[in-house]
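Each chain gets a letter, A, B and so on, in the order the sequences are listed, and its residues count up from 1.
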2 protein chains.
Amino acid sequence: MTTSEWEIMRVIWTLGEATSRQIIRVIGLKTDWSPSTIKTLITRLKNKNYLTDNGAARDRLYTPTIAEQDAMTDTLHQTINSMCAMCVGDAITTVIASTTLSQHDILHLQDTLTQRLPAAPETVACDCMPDNWED
Amino acid sequence: MTTSEWEIMRVIWTLGEATSRQIIRVIGLKTDWSPSTIKTLITRLKNKNYLTDNGAARDRLYTPTIAEQDAMTDTLHQTINSMCAMCVGDAITTVIASTTLSQHDILHLQDTLTQRLPAAPETVACDCMPDNWED
DNA sequence: TTTATAAGTCTACAAATGTAAACTATAAGT
DNA sequence: ACTTATAGTTTACATTTGTAGACTTATAAA
């Protein structure tokens with residue numbers, strides 16, 4: 001899913017399901033994308049199977065095939081997995097330091113971390129290079 | 001920076017500076033990219049100003065213009081900022097639960113979270129839609 | 001019933017990205 | 001000095017992405 005497609009998905013995720021009219025209206029409030037552009041994006045999301053529709057000839061309802069949480073988790077996962085395992089903890093810490101989290105989120109996160117601490121390794125090796133790169 | 005370009009950067013970041021020969025060799029160990037492809041990627045990274053070189057006519061040394069930590073932080077930041085503010089805490093928690101972090105990382109992260117807790121809001125509103133979308 | 005509005009489809013086109021062959025020039029070895 | 005291996009440059013081409021006009025058709029209004 002590209003960044004523009006992601007924007008479209010966010011409104012559909014929030015509405016649960018939506019017509020192109022609704023999407024065009026809401027997206028139009030925060031971008032200057034033409035209705036045509038938004039229609040193209042919807043079509044592409046359908047082709048990529050991120051959206052289904054109820055088949056109506058008009059005022060068709062589009063529904064996500066993937067939950068927002070899942071999409072978010074997958075995306076984050078990919079981003080993090082593409083980064084140096086040794087450095088990623090630091091990056092996460094830095095970013096979290098400037099991300100607004102609710103009290104509940106923070107407590108939940110702390111809880112998760114506490115659980116992981118016992119089994120956590122002393123250090124994590126850099127994985128930017130294949131193991132045998134020095135041969 | 002695209003994902004393939006990112007792979008190139010990772011080896012240069014790790015080596016500090018590198019010749020195309022080194023990059024081609026190391027990348028060749030983990031991908032089947034042709035030397036040509038890797039050269040193209042290096043050129044594009046130079047054009048995008050992510051790399052400089054020492055100007056030698058041959059065996060030129062390429063150096064990153066951005067630190068790995070900064071690039072990682074920026075990338076993560078962008079990813080997170082493109083997501084629903086209300087849901088992102090949950091996604092981060094889920095992903096962290098399956099990411100290997102060192103003991104030190106965990107402690108540092110917990111420390112950061114503890115510091116943020118007092119000022120943390122009770123809840124974070126969804127920002128997927130513009131504020132006035134219901135008008 | 002005719003008509004206009006707009007939902008949905010097709011077509012378009014530039015820029016970015018993945019992928020790589022061909023060409024040029026340079027340094028090292030003979 | 002000549003050859004050769006190869007580093008660096010050019011050119012190439014398909015696919016994806018950003019962006020949107022044009023066209024077709026279905027429905028609500030007149």
*Whole Å only: how far is the CG atom of Leu41(B) from the P atom of dT19(C)?*
9 Å
_side chain to side chain donor-acceptor pair (under 3.5 Å): pairs with one or both residues in residues 64-73 of chain A, sequence neighbours excluded_ = none
*Would you please confirm or rule out a distance under 4.0 Å between OP1 or OP2 of dA20(C) and any side-chain N or O of Trp33(B)?*
no
*Keeping to residues at least two apart or across chains, list the ring-ring contact (aromatic ring centres under 6.0 Å, His included) pairs with something in residues 3-34 of chain B.*
Trp6(B)-Trp13(B)
*For Thr37(B), report the nucleic acid contact type (base, sugar-phosphate, nothing); a contact means any heavy atom under 4.0 Å.*
base
_Students should find this one: the first and last nucleotides of DNA chain D, 5' to 3', lying under 4.0 Å from a heavy atom of chain A. What are they?_
dT17(D) to dT27(D)
*By salt bridge (charged side-chain N to carboxylate O under 4.0 Å, His left out) - contacts of Arg44(B) (at least two apart)*: none
*For Asp111(B), what residues pass the salt bridge (charged side-chain N to carboxylate O under 4.0 Å, His left out) criterion, not counting sequence neighbours?*
none
*Taking only residues at least two apart or on different chains, which pairs with a member in residues 14-34 of chain A satisfy salt bridge (charged side-chain N to carboxylate O under 4.0 Å, His left out)?*
Glu7(A)-Lys30(A), Arg21(A)-Asp59(A)
*Using salt bridge (charged side-chain N to carboxylate O under 4.0 Å, His left out) as the criterion, list what pairs up with Glu5(A), not counting sequence neighbours.*
Lys48(A)
*asked:* With a 4.0 Å cutoff (strictly under), does any side-chain N or O of Thr3(B) reach OP1 or OP2 of dG18(C)?
replied: yes
*Tell me which of Leu61(B) and Ser34(A) sits closer to the 5' end of DNA chain D, going by the nucleotide each one is nearest to.*
Leu61(B)
_Any heavy-atom pair between the side chains of Leu76(B) and Ile80(A) that's under 4.5 Å?_
yes
*asked:* One character per nucleotide, please: for nucleotides 23-30 of chain C, 5' to 3', B when the base has a protein heavy atom closer than 4.0 Å, S when only the sugar-phosphate does, - otherwise.
replied: ---BS---
*So which nucleotide does dT9(D) pair with, by the Watson-Crick or G-U wobble rule with both distances under 3.5 Å?*
dA22(C)
*Between residues 8-28 of chain A and DNA chain D, which residues have a heavy-atom gap below 4.0 Å?*
none
*Taking DNA chain D as the partner, which of residues 42-51 of chain A come within under 4.0 angstrom of it by heavy atom?*
Arg44(A), Lys48(A)
*Nearest-Å distance for atom pair CD1/C1', residues Ile38(A) and dT9(C)*: 16 Å
*Below 4.5 Å, heavy atoms only, C-beta onward: do Ile12(B) and Gln22(B) meet side chain to side chain?*
no
*Got a sec, which residues hit salt bridge (charged side-chain N to carboxylate O under 4.0 Å, His left out) with Asp127(B), two or more places apart in sequence or on another chain?*
Arg10(A)
*Hey, does the side chain of Thr31(A) reach the backbone of Gly28(A) with a donor-acceptor pair shorter than 3.5 angstrom?*
no
*Any side-chain N or O of Thr2(B) less than 4.0 Å from the OP1 or OP2 oxygen of dG18(C)?*
yes
*Please examine the side chains of Leu15(A) and Met129(B), heavy atoms only from C-beta on, and report whether any two atoms are closer than 4.5 Å.*
yes
*With a 4.5 Å limit on heavy-atom distance, are the side chains of Arg58(B) and Thr19(B) in contact?*
no
*Partners meeting side-chain hydrogen bond (donor to acceptor under 3.5 Å, both in side chains) with Thr43(A) (sequence neighbours left out)*: none
